[in-house]
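In what follows, every heavy atom counts, from backbone to side chain, and hydrogens, waters and symmetry copies are set aside. We name chains A, B, ... by the order of the sequence lines, and we start the count at 1 in each one.
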Protein chains: 2
Amino acid sequence: MLNDLHIQEQEVIDEHKECVRYRKGDVIFHEGGIPKGIYCIRKGGVKISKMTSQGKEQILFLSQPGDFIGYRALIGEEVYNATATSIEDSSICYIPKSDFLEIMHRNPAFFNKMIKKVCNQLGIMEQNLTIIAQKSVKERLATTLLMLKESYGMDGDESTLIDIRLSREEIANVVGTATETVIRLLSTFKNEGLIDFDGKRIKVINEEQLKKLAVA
Amino acid sequence: MLNDLHIQEQEVIDEHKECVRYRKGDVIFHEGGIPKGIYCIRKGGVKISKMTSQGKEQILFLSQPGDFIGYRALIGEEVYNATATSIEDSSICYIPKSDFLEIMHRNPAFFNKMIKKVCNQLGIMEQNLTIIAQKSVKERLATTLLMLKESYGMDGDESTLIDIRLSREEIANVVGTATETVIRLLSTFKNEGLIDFDGKRIKVINEEQLKKLAVA
DNA sequence: CGAGCCATTGAGTTGATTCAAATCCCGTGG
DNA sequence: CCACGGGATTTGAATCAACTCAATGGCTCG
(Lines give C-alpha, C1' and ligand atoms only; values in the text may rest on other atoms or scores of the structure.)
Protein backbone atom coordinates (compact mmCIF):
# COMPACT_ATOMS: atom_id res chain seq x y z
CA MET A 1 0.00 0.00 0.00
CA LEU A 2 2.81 2.36 0.73
CA ASN A 3 3.98 2.13 -2.85
CA ASP A 4 1.15 4.37 -3.98
CA LEU A 5 2.25 7.27 -1.89
CA HIS A 6 3.84 10.36 -3.38
CA ILE A 7 7.60 10.46 -3.42
CA GLN A 8 7.53 13.25 -0.92
CA GLU A 9 5.43 11.21 1.49
CA GLN A 10 7.65 8.19 1.11
CA GLU A 11 10.58 10.36 2.07
CA VAL A 12 8.85 11.44 5.25
CA ILE A 13 8.21 7.84 6.15
CA ASP A 14 11.68 6.70 5.24
CA GLU A 15 13.13 9.40 7.40
CA HIS A 16 11.19 8.54 10.54
CA LYS A 17 10.56 4.87 10.20
CA GLU A 18 12.41 2.43 12.29
CA CYS A 19 13.04 -1.13 11.20
CA VAL A 20 13.48 -3.70 13.89
CA ARG A 21 14.33 -7.36 13.76
CA TYR A 22 12.21 -9.74 15.75
CA ARG A 23 13.03 -13.32 16.56
CA LYS A 24 10.49 -16.11 16.47
CA GLY A 25 8.23 -15.68 19.47
CA ASP A 26 8.97 -11.98 20.03
CA VAL A 27 5.96 -9.78 20.70
CA ILE A 28 5.51 -6.72 18.47
CA PHE A 29 2.58 -5.26 20.36
CA HIS A 30 0.47 -6.51 23.19
CA GLU A 31 -3.25 -6.73 23.88
CA GLY A 32 -4.18 -3.78 26.06
CA GLY A 33 -1.24 -1.65 24.90
CA ILE A 34 -1.68 1.85 23.51
CA PRO A 35 -0.94 2.19 19.80
CA LYS A 36 1.66 4.83 19.01
CA GLY A 37 2.28 3.91 15.42
CA ILE A 38 1.72 1.22 12.88
CA TYR A 39 3.89 -1.62 11.73
CA CYS A 40 4.70 -2.80 8.25
CA ILE A 41 6.12 -6.25 7.78
CA ARG A 42 9.15 -6.28 5.56
CA LYS A 43 10.26 -9.86 6.05
CA GLY A 44 9.00 -12.86 7.99
CA GLY A 45 5.55 -13.50 9.44
CA VAL A 46 3.35 -12.44 12.31
CA LYS A 47 0.32 -13.88 14.03
CA ILE A 48 -2.37 -11.63 15.48
CA SER A 49 -4.08 -13.36 18.36
CA LYS A 50 -6.28 -12.88 21.37
CA MET A 51 -6.08 -14.66 24.68
CA THR A 52 -9.17 -15.76 26.55
CA SER A 53 -9.37 -15.55 30.32
CA GLN A 54 -8.68 -19.30 30.42
CA GLY A 55 -5.40 -18.74 28.63
CA LYS A 56 -6.55 -20.15 25.32
CA GLU A 57 -5.25 -18.45 22.22
CA GLN A 58 -7.32 -17.54 19.20
CA ILE A 59 -5.37 -16.58 16.11
CA LEU A 60 -7.32 -13.93 14.20
CA PHE A 61 -5.05 -13.74 11.20
CA LEU A 62 -1.60 -14.26 9.85
CA SER A 63 0.32 -11.41 8.28
CA GLN A 64 2.90 -11.53 5.54
CA PRO A 65 5.54 -9.16 4.15
CA GLY A 66 3.86 -6.05 2.82
CA ASP A 67 1.03 -6.13 5.35
CA PHE A 68 0.25 -3.37 7.81
CA ILE A 69 -0.53 -4.42 11.32
CA GLY A 70 -1.82 -2.47 14.28
CA TYR A 71 -3.74 0.08 12.26
CA ARG A 72 -7.18 -0.98 13.47
CA ALA A 73 -6.59 0.06 17.06
CA LEU A 74 -4.70 3.19 16.03
CA ILE A 75 -7.38 4.50 13.69
CA GLY A 76 -10.19 3.29 15.95
CA GLU A 77 -8.58 5.10 18.87
CA GLU A 78 -8.65 2.04 21.07
CA VAL A 79 -6.05 -0.01 22.87
CA TYR A 80 -4.82 -3.07 21.03
CA ASN A 81 -7.37 -5.81 21.43
CA ALA A 82 -4.98 -8.46 20.23
CA THR A 83 -1.33 -9.36 20.45
CA ALA A 84 1.08 -9.51 17.50
CA THR A 85 3.77 -12.15 17.74
CA SER A 86 6.52 -12.97 15.30
CA ILE A 87 6.21 -16.57 14.12
CA GLU A 88 9.60 -16.57 12.47
CA ASP A 89 12.56 -14.24 12.31
CA SER A 90 11.10 -11.02 10.95
CA SER A 91 12.02 -7.52 9.97
CA ILE A 92 9.33 -5.00 10.73
CA CYS A 93 9.15 -1.25 10.17
CA TYR A 94 7.55 1.07 12.63
CA ILE A 95 5.86 4.24 11.41
CA PRO A 96 5.00 6.78 14.11
CA LYS A 97 1.33 7.64 14.58
CA SER A 98 1.82 11.28 13.64
CA ASP A 99 3.41 10.49 10.29
CA PHE A 100 0.83 7.88 9.45
CA LEU A 101 -2.17 9.99 10.37
CA GLU A 102 -0.81 13.01 8.62
CA ILE A 103 -0.29 11.16 5.40
CA MET A 104 -3.68 9.55 5.68
CA HIS A 105 -5.34 12.92 6.04
CA ARG A 106 -3.35 14.67 3.36
CA ASN A 107 -3.66 11.99 0.77
CA PRO A 108 -7.31 11.23 0.04
CA ALA A 109 -6.48 8.31 -2.23
CA PHE A 110 -4.55 6.68 0.58
CA PHE A 111 -7.31 7.41 3.07
CA ASN A 112 -9.72 5.76 0.68
CA LYS A 113 -7.55 2.71 0.38
CA MET A 114 -7.34 2.44 4.12
CA ILE A 115 -11.07 2.58 4.75
CA LYS A 116 -11.63 0.13 1.96
CA LYS A 117 -9.08 -2.21 3.46
CA VAL A 118 -10.72 -2.05 6.86
CA CYS A 119 -14.10 -2.75 5.28
CA ASN A 120 -12.72 -5.75 3.43
CA GLN A 121 -11.13 -7.02 6.61
CA LEU A 122 -14.44 -6.66 8.40
CA GLY A 123 -16.08 -8.72 5.68
CA ILE A 124 -13.48 -11.43 6.12
CA MET A 125 -14.02 -11.47 9.88
CA GLU A 126 -17.77 -11.78 9.44
CA GLN A 127 -17.20 -14.71 7.14
CA ASN A 128 -14.78 -16.34 9.58
CA LEU A 129 -17.17 -15.87 12.46
CA THR A 130 -19.94 -17.56 10.51
CA ILE A 131 -17.70 -20.47 9.61
CA ILE A 132 -16.57 -20.97 13.18
CA ALA A 133 -20.09 -20.68 14.51
CA GLN A 134 -21.77 -22.99 12.05
CA LYS A 135 -19.33 -25.54 10.72
CA SER A 136 -17.77 -28.67 12.13
CA VAL A 137 -14.10 -28.76 13.08
CA LYS A 138 -13.38 -30.97 10.09
CA GLU A 139 -14.91 -28.43 7.72
CA ARG A 140 -13.10 -25.59 9.43
CA LEU A 141 -9.75 -27.32 9.20
CA ALA A 142 -10.32 -27.91 5.49
CA THR A 143 -11.20 -24.23 5.11
CA THR A 144 -8.09 -23.19 7.01
CA LEU A 145 -5.85 -25.40 4.90
CA LEU A 146 -7.28 -23.86 1.75
CA MET A 147 -6.78 -20.38 3.16
CA LEU A 148 -3.18 -21.19 4.02
CA LYS A 149 -2.62 -22.63 0.57
CA GLU A 150 -4.06 -19.44 -0.92
CA SER A 151 -1.78 -17.22 1.14
CA TYR A 152 1.35 -19.33 1.38
CA GLY A 153 1.04 -21.82 -1.43
CA MET A 154 4.15 -22.40 -3.52
CA ASP A 155 3.40 -23.76 -6.93
CA GLY A 156 5.07 -27.11 -7.22
CA ASP A 157 4.61 -30.12 -9.43
CA GLU A 158 1.21 -31.73 -8.95
CA SER A 159 1.00 -30.79 -5.31
CA THR A 160 1.25 -27.47 -3.53
CA LEU A 161 3.47 -26.89 -0.56
CA ILE A 162 2.17 -24.54 2.10
CA ASP A 163 5.19 -22.42 2.87
CA ILE A 164 4.59 -21.50 6.48
CA ARG A 165 5.73 -23.40 9.54
CA LEU A 166 2.92 -23.46 12.06
CA SER A 167 2.85 -25.81 15.00
CA ARG A 168 -0.13 -28.13 15.37
CA GLU A 169 -1.18 -25.99 18.29
CA GLU A 170 -1.10 -22.84 16.17
CA ILE A 171 -3.21 -24.48 13.49
CA ALA A 172 -5.63 -25.49 16.24
CA ASN A 173 -5.72 -21.89 17.43
CA VAL A 174 -6.64 -20.66 13.97
CA VAL A 175 -9.35 -23.28 13.57
CA GLY A 176 -10.58 -22.85 17.11
CA THR A 177 -10.19 -26.39 18.37
CA ALA A 178 -7.92 -28.66 20.43
CA THR A 179 -4.44 -29.58 19.27
CA GLU A 180 -5.17 -33.32 19.39
CA THR A 181 -8.19 -32.85 17.18
CA VAL A 182 -6.08 -31.11 14.54
CA ILE A 183 -3.54 -33.91 14.66
CA ARG A 184 -6.18 -36.57 14.25
CA LEU A 185 -7.91 -34.77 11.40
CA LEU A 186 -4.66 -34.04 9.57
CA SER A 187 -3.90 -37.76 9.72
CA THR A 188 -7.34 -38.53 8.37
CA PHE A 189 -6.87 -36.08 5.51
CA LYS A 190 -3.50 -37.63 4.79
CA ASN A 191 -4.94 -41.14 4.73
CA GLU A 192 -7.69 -39.95 2.40
CA GLY A 193 -5.09 -38.50 0.06
CA LEU A 194 -6.26 -34.91 0.45
CA ILE A 195 -2.98 -33.66 1.82
CA ASP A 196 0.48 -34.88 2.60
CA PHE A 197 2.90 -33.75 5.26
CA ASP A 198 6.15 -34.39 6.96
CA GLY A 199 6.25 -32.52 10.22
CA LYS A 200 5.31 -28.91 9.63
CA ARG A 201 5.65 -29.09 5.86
CA ILE A 202 2.11 -29.57 4.60
CA LYS A 203 1.17 -30.10 0.96
CA VAL A 204 -2.27 -29.91 -0.58
CA ILE A 205 -2.73 -32.90 -2.84
CA ASN A 206 -6.41 -32.92 -3.70
CA GLU A 207 -7.65 -29.36 -3.57
CA GLU A 208 -10.98 -30.15 -5.19
CA GLN A 209 -11.90 -32.69 -2.56
CA LEU A 210 -10.74 -30.36 0.17
CA LYS A 211 -13.00 -27.65 -1.21
CA LYS A 212 -15.94 -30.01 -1.21
CA LEU A 213 -15.24 -30.75 2.44
CA ALA A 214 -14.92 -27.07 3.27
CA VAL A 215 -18.24 -26.14 1.73
CA ALA A 216 -20.06 -29.20 3.03
CA MET B 1 -23.88 10.20 12.97
CA LEU B 2 -25.80 12.21 10.44
CA ASN B 3 -26.45 14.85 13.04
CA ASP B 4 -22.90 16.11 12.79
CA LEU B 5 -23.22 17.03 9.16
CA HIS B 6 -23.41 20.59 7.99
CA ILE B 7 -26.86 21.98 7.43
CA GLN B 8 -26.17 22.11 3.76
CA GLU B 9 -25.27 18.46 3.65
CA GLN B 10 -28.31 17.50 5.63
CA GLU B 11 -30.42 19.28 3.07
CA VAL B 12 -28.89 17.28 0.26
CA ILE B 13 -29.67 14.08 2.09
CA ASP B 14 -33.15 15.11 3.03
CA GLU B 15 -33.86 15.94 -0.55
CA HIS B 16 -32.79 12.62 -2.01
CA LYS B 17 -33.42 10.20 0.79
CA GLU B 18 -36.27 7.83 0.61
CA CYS B 19 -37.91 6.43 3.71
CA VAL B 20 -39.59 3.10 3.38
CA ARG B 21 -41.62 1.05 5.81
CA TYR B 22 -40.75 -2.58 6.24
CA ARG B 23 -42.88 -5.21 7.92
CA LYS B 24 -41.46 -7.84 10.21
CA GLY B 25 -39.60 -10.34 8.04
CA ASP B 26 -39.10 -8.03 5.07
CA VAL B 27 -35.64 -8.07 3.53
CA ILE B 28 -33.85 -4.72 3.17
CA PHE B 29 -30.88 -6.03 1.23
CA HIS B 30 -29.76 -9.45 0.31
CA GLU B 31 -26.47 -11.35 0.46
CA GLY B 32 -24.89 -11.17 -2.96
CA GLY B 33 -26.73 -7.98 -3.96
CA ILE B 34 -24.93 -4.90 -5.22
CA PRO B 35 -24.99 -1.94 -2.84
CA LYS B 36 -26.39 1.22 -4.39
CA GLY B 37 -26.77 3.24 -1.24
CA ILE B 38 -26.83 2.98 2.49
CA TYR B 39 -29.68 2.61 4.93
CA CYS B 40 -30.34 4.44 8.13
CA ILE B 41 -32.79 2.95 10.57
CA ARG B 42 -35.32 5.47 11.79
CA LYS B 43 -37.65 3.17 13.67
CA GLY B 44 -37.77 -0.54 14.44
CA GLY B 45 -34.99 -3.11 14.29
CA VAL B 46 -32.97 -5.09 11.79
CA LYS B 47 -30.89 -8.23 11.94
CA ILE B 48 -27.82 -8.65 9.73
CA SER B 49 -27.22 -12.30 9.04
CA LYS B 50 -25.44 -14.77 6.83
CA MET B 51 -26.71 -18.09 5.58
CA THR B 52 -24.47 -21.13 5.38
CA SER B 53 -24.73 -23.59 2.55
CA GLN B 54 -26.67 -25.89 4.88
CA GLY B 55 -29.28 -23.17 5.35
CA LYS B 56 -28.25 -22.29 8.88
CA GLU B 57 -28.43 -18.63 9.80
CA GLN B 58 -25.76 -16.73 11.68
CA ILE B 59 -26.82 -13.36 13.02
CA LEU B 60 -23.84 -11.00 12.91
CA PHE B 61 -25.46 -8.10 14.65
CA LEU B 62 -28.67 -6.33 15.51
CA SER B 63 -29.25 -2.75 14.48
CA GLN B 64 -31.30 -0.11 16.19
CA PRO B 65 -32.74 3.28 15.25
CA GLY B 66 -29.92 5.66 14.39
CA ASP B 67 -27.69 2.91 13.00
CA PHE B 68 -26.35 2.83 9.47
CA ILE B 69 -26.47 -0.48 7.70
CA GLY B 70 -25.02 -1.62 4.42
CA TYR B 71 -22.06 0.75 4.47
CA ARG B 72 -19.41 -1.94 4.77
CA ALA B 73 -20.09 -3.46 1.37
CA LEU B 74 -20.63 -0.05 -0.23
CA ILE B 75 -17.37 1.44 0.98
CA GLY B 76 -15.49 -1.82 0.54
CA GLU B 77 -16.77 -2.02 -3.03
CA GLU B 78 -18.05 -5.55 -2.60
CA VAL B 79 -21.41 -7.19 -2.91
CA TYR B 80 -23.37 -7.57 0.31
CA ASN B 81 -21.98 -10.52 2.21
CA ALA B 82 -24.96 -10.63 4.54
CA THR B 83 -28.69 -10.13 4.46
CA ALA B 84 -30.56 -7.42 6.36
CA THR B 85 -34.02 -8.39 7.57
CA SER B 86 -36.51 -6.34 9.51
CA ILE B 87 -37.28 -8.03 12.84
CA GLU B 88 -40.23 -5.76 13.56
CA ASP B 89 -42.17 -3.11 11.71
CA SER B 90 -39.51 -0.59 10.76
CA SER B 91 -39.01 2.70 9.01
CA ILE B 92 -35.74 2.92 7.15
CA CYS B 93 -34.20 5.72 5.09
CA TYR B 94 -32.27 5.05 1.96
CA ILE B 95 -29.44 7.38 0.97
CA PRO B 96 -28.13 6.93 -2.57
CA LYS B 97 -24.51 5.94 -2.99
CA SER B 98 -23.57 9.13 -4.80
CA ASP B 99 -24.86 11.39 -2.04
CA PHE B 100 -23.25 9.33 0.68
CA LEU B 101 -19.86 9.09 -0.98
CA GLU B 102 -19.85 12.74 -1.92
CA ILE B 103 -20.53 13.84 1.60
CA MET B 104 -17.97 11.42 2.95
CA HIS B 105 -15.32 12.85 0.67
CA ARG B 106 -16.21 16.47 1.18
CA ASN B 107 -16.46 16.31 4.91
CA PRO B 108 -13.23 15.03 6.46
CA ALA B 109 -14.69 14.91 9.96
CA PHE B 110 -17.44 12.64 8.73
CA PHE B 111 -14.97 10.50 6.80
CA ASN B 112 -12.97 10.18 9.99
CA LYS B 113 -15.99 9.11 11.93
CA MET B 114 -16.80 6.49 9.35
CA ILE B 115 -13.36 4.89 9.32
CA LYS B 116 -13.30 4.96 13.08
CA LYS B 117 -16.69 3.30 13.19
CA VAL B 118 -15.58 0.54 10.81
CA CYS B 119 -12.46 -0.02 12.91
CA ASN B 120 -14.52 -0.28 16.07
CA GLN B 121 -16.86 -2.70 14.37
CA LEU B 122 -13.91 -4.80 13.29
CA GLY B 123 -12.72 -4.90 16.89
CA ILE B 124 -16.14 -6.09 18.01
CA MET B 125 -16.16 -8.81 15.35
CA GLU B 126 -12.73 -10.02 16.41
CA GLN B 127 -13.95 -10.20 19.97
CA ASN B 128 -17.10 -12.08 18.94
CA LEU B 129 -15.12 -14.51 16.85
CA THR B 130 -12.86 -15.28 19.79
CA ILE B 131 -15.81 -15.82 22.09
CA ILE B 132 -17.54 -18.16 19.66
CA ALA B 133 -14.35 -20.07 18.98
CA GLN B 134 -13.25 -20.50 22.58
CA LYS B 135 -16.21 -20.44 24.93
CA SER B 136 -18.94 -22.91 25.75
CA VAL B 137 -22.49 -22.34 24.61
CA LYS B 138 -23.50 -21.53 28.17
CA GLU B 139 -20.89 -18.79 28.42
CA ARG B 140 -21.81 -17.45 25.02
CA LEU B 141 -25.50 -17.28 25.87
CA ALA B 142 -24.65 -15.39 29.05
CA THR B 143 -22.51 -13.02 26.99
CA THR B 144 -25.30 -12.54 24.47
CA LEU B 145 -27.86 -11.79 27.18
CA LEU B 146 -25.56 -9.16 28.65
CA MET B 147 -25.01 -7.65 25.22
CA LEU B 148 -28.76 -7.53 24.63
CA LYS B 149 -29.29 -5.96 28.03
CA GLU B 150 -26.66 -3.36 27.19
CA SER B 151 -28.29 -2.49 23.87
CA TYR B 152 -31.95 -2.97 24.66
CA GLY B 153 -32.15 -2.81 28.42
CA MET B 154 -34.96 -0.70 29.88
CA ASP B 155 -34.28 0.45 33.37
CA GLY B 156 -37.00 -1.00 35.50
CA ASP B 157 -37.43 -1.66 39.20
CA GLU B 158 -34.86 -4.15 40.46
CA SER B 159 -34.73 -6.07 37.22
CA THR B 160 -34.01 -5.00 33.69
CA LEU B 161 -36.28 -5.88 30.85
CA ILE B 162 -34.62 -6.57 27.52
CA ASP B 163 -36.79 -4.67 25.10
CA ILE B 164 -36.43 -6.69 21.96
CA ARG B 165 -38.57 -9.59 20.82
CA LEU B 166 -36.33 -12.29 19.41
CA SER B 167 -37.49 -15.83 18.85
CA ARG B 168 -35.57 -18.63 20.56
CA GLU B 169 -34.28 -19.55 17.15
CA GLU B 170 -32.95 -16.03 16.57
CA ILE B 171 -31.18 -16.04 19.91
CA ALA B 172 -29.67 -19.39 18.92
CA ASN B 173 -28.52 -17.85 15.65
CA VAL B 174 -26.77 -15.05 17.48
CA VAL B 175 -25.08 -17.43 19.92
CA GLY B 176 -24.27 -19.95 17.22
CA THR B 177 -26.03 -23.00 18.62
CA ALA B 178 -29.21 -25.06 18.31
CA THR B 179 -32.60 -23.69 19.29
CA GLU B 180 -33.23 -26.48 21.81
CA THR B 181 -29.95 -25.74 23.53
CA VAL B 182 -30.94 -22.10 24.00
CA ILE B 183 -34.29 -23.15 25.43
CA ARG B 184 -32.69 -25.53 27.91
CA LEU B 185 -30.08 -23.01 29.01
CA LEU B 186 -32.59 -20.20 29.38
CA SER B 187 -34.61 -22.48 31.66
CA THR B 188 -31.50 -23.26 33.66
CA PHE B 189 -30.69 -19.57 34.02
CA LYS B 190 -34.25 -18.94 35.11
CA ASN B 191 -34.13 -21.70 37.72
CA GLU B 192 -30.86 -20.31 39.02
CA GLY B 193 -32.44 -16.89 39.37
CA LEU B 194 -30.17 -15.19 36.85
CA ILE B 195 -32.97 -14.17 34.54
CA ASP B 196 -36.70 -14.31 34.31
CA PHE B 197 -38.91 -14.50 31.27
CA ASP B 198 -42.41 -14.93 30.02
CA GLY B 199 -42.31 -15.86 26.36
CA LYS B 200 -40.08 -13.42 24.51
CA ARG B 201 -39.95 -10.89 27.34
CA ILE B 202 -36.65 -11.57 29.08
CA LYS B 203 -35.46 -9.82 32.23
CA VAL B 204 -31.97 -9.83 33.67
CA ILE B 205 -32.27 -10.46 37.41
CA ASN B 206 -28.74 -11.17 38.56
CA GLU B 207 -26.38 -9.33 36.26
CA GLU B 208 -23.34 -9.92 38.44
CA GLN B 209 -23.72 -13.67 38.34
CA LEU B 210 -24.38 -13.57 34.61
CA LYS B 211 -21.15 -11.65 34.14
CA LYS B 212 -19.25 -14.22 36.11
CA LEU B 213 -20.66 -16.91 33.85
CA ALA B 214 -19.79 -14.93 30.74
CA VAL B 215 -16.18 -14.44 31.71
CA ALA B 216 -15.72 -17.96 33.05
C1' DC C 1 23.98 -35.54 23.78
C1' DG C 2 20.64 -34.43 26.94
C1' DA C 3 16.42 -31.53 28.05
C1' DG C 4 12.36 -30.00 26.83
C1' DC C 5 9.02 -29.02 23.76
C1' DC C 6 6.18 -30.96 19.99
C1' DA C 7 3.60 -34.58 17.89
C1' DT C 8 1.07 -38.71 18.21
C1' DT C 9 -2.05 -42.20 19.93
C1' DG C 10 -5.40 -44.21 23.18
C1' DA C 11 -9.27 -44.10 26.23
C1' DG C 12 -12.93 -42.15 28.65
C1' DT C 13 -16.13 -38.32 29.30
C1' DT C 14 -19.24 -34.87 28.13
C1' DG C 15 -21.34 -30.91 26.09
C1' DA C 16 -24.15 -30.22 22.49
C1' DT C 17 -26.77 -31.88 18.58
C1' DT C 18 -30.40 -34.28 16.36
C1' DC C 19 -34.71 -36.42 16.12
C1' DA C 20 -39.25 -36.95 17.93
C1' DA C 21 -43.35 -35.78 20.23
C1' DA C 22 -46.32 -32.91 22.95
C1' DT C 23 -48.04 -28.46 24.16
C1' DC C 24 -48.50 -23.62 23.79
C1' DC C 25 -49.51 -19.41 21.67
C1' DC C 26 -50.81 -16.10 18.24
C1' DG C 27 -53.00 -14.27 14.31
C1' DT C 28 -56.66 -15.07 11.08
C1' DG C 29 -60.91 -15.97 9.12
C1' DG C 30 -65.51 -17.34 9.83
C1' DC D 1 -65.73 -13.06 19.46
C1' DC D 2 -64.20 -17.60 19.20
C1' DA D 3 -62.48 -21.63 17.00
C1' DC D 4 -58.87 -23.23 14.12
C1' DG D 5 -54.34 -23.93 12.04
C1' DG D 6 -49.59 -23.53 12.00
C1' DG D 7 -45.58 -21.98 13.75
C1' DA D 8 -42.98 -21.51 18.16
C1' DT D 9 -41.67 -23.50 22.42
C1' DT D 10 -40.72 -27.07 25.44
C1' DT D 11 -39.24 -31.62 27.04
C1' DG D 12 -37.26 -36.27 26.45
C1' DA D 13 -34.03 -39.55 24.68
C1' DA D 14 -30.36 -41.16 22.05
C1' DT D 15 -26.24 -40.19 19.59
C1' DC D 16 -21.96 -38.24 18.49
C1' DA D 17 -18.38 -34.95 17.71
C1' DA D 18 -14.98 -33.02 20.14
C1' DC D 19 -12.51 -32.38 24.47
C1' DT D 20 -9.66 -33.73 28.28
C1' DC D 21 -6.39 -36.47 30.44
C1' DA D 22 -2.57 -39.47 30.12
C1' DA D 23 1.29 -41.79 28.25
C1' DT D 24 4.69 -42.47 24.69
C1' DG D 25 7.78 -41.40 21.07
C1' DG D 26 10.26 -37.96 18.17
C1' DC D 27 12.55 -33.89 16.97
C1' DT D 28 15.19 -29.68 17.79
C1' DC D 29 18.21 -26.73 19.88
C1' DG D 30 21.38 -25.33 22.96
- Query: Of A/R165 and A/S136, whose nearest nucleotide on DNA chain D comes first from the 5' end?
  - Reply: A/S136
- Item | Whichever of B/L186 and A/R140 has its nearest DNA chain D nucleotide further upstream toward 5' | B/L186
Can a side chain N or O of [X] be found less than 4.0 Å away from OP1 or OP2 on [N]?
X      : N      : value
B/T179 : D/dT9  : no
B/K200 : C/dC26 : no
B/T177 : C/dT17 : yes

[X] [atom1] to [N] [atom2], straight-line distance once rounded to whole Å:
X      : N      : atom1 : atom2 : value
B/Q134 : C/dG15 : CD    : C1'   : 16 Å
A/E169 : D/dC27 : CD    : C1'   : 16 Å
B/I171 : D/dT10 : CD1   : P     : 9 Å
B/I183 : C/dT17 : CD1   : C1'   : 13 Å
A/K138 : D/dA18 : NZ    : C1'   : 13 Å
B/L185 : D/dT9  : CG    : P     : 15 Å
A/I132 : C/dA16 : CD1   : C1'   : 17 Å
B/L141 : C/dG15 : CG    : P     : 16 Å

Quick one: the side chain of [X] and the base of [N], do they pair up donor-acceptor inside 3.5 Å?
X      : N      : value
A/E170 : C/dC6  : no
A/R184 : C/dG10 : yes
A/E180 : D/dC21 : yes

- On the ring face of A/F197, is A/R168 found with NZ or CZ under 6.0 Å from the centre and within 45° of the axis? yes
- Item | Nucleotide nearest B/R168 (side chain, heavy atoms from C-beta), chosen from C/dT8, D/dT9, C/dT18 | D/dT9
- Message: Using heavy-atom distances to pick each residue's nearest nucleotide on DNA chain C, tell me which of A/F197 and B/K56 is more 5'.
- Response: A/F197
- Taking the six-membered ring for Trp, are the ring centroids of B/Y39 and B/F68 within less than 6.0 Å of each other? no
- Query: Side-chain donor-acceptor pair under 3.5 Å between B/Q58 and B/N173, yes or no?
  - Reply: no
- Query: Does any donor atom in the side chain of B/E57 or B/S49 lie under 3.5 Å from an acceptor atom in the other side chain?
  - Reply: yes
- Task: Tell me what B/S167 touches on the nucleic acid: a base, only sugar-phosphate, or nothing, going by heavy atoms under 4.0 Å.
- Result: sugar-phosphate
- Message: SG to SG below 2.5 angstrom is the rule I want applied to B/C19 and B/C93. Does it hold?
- Response: yes
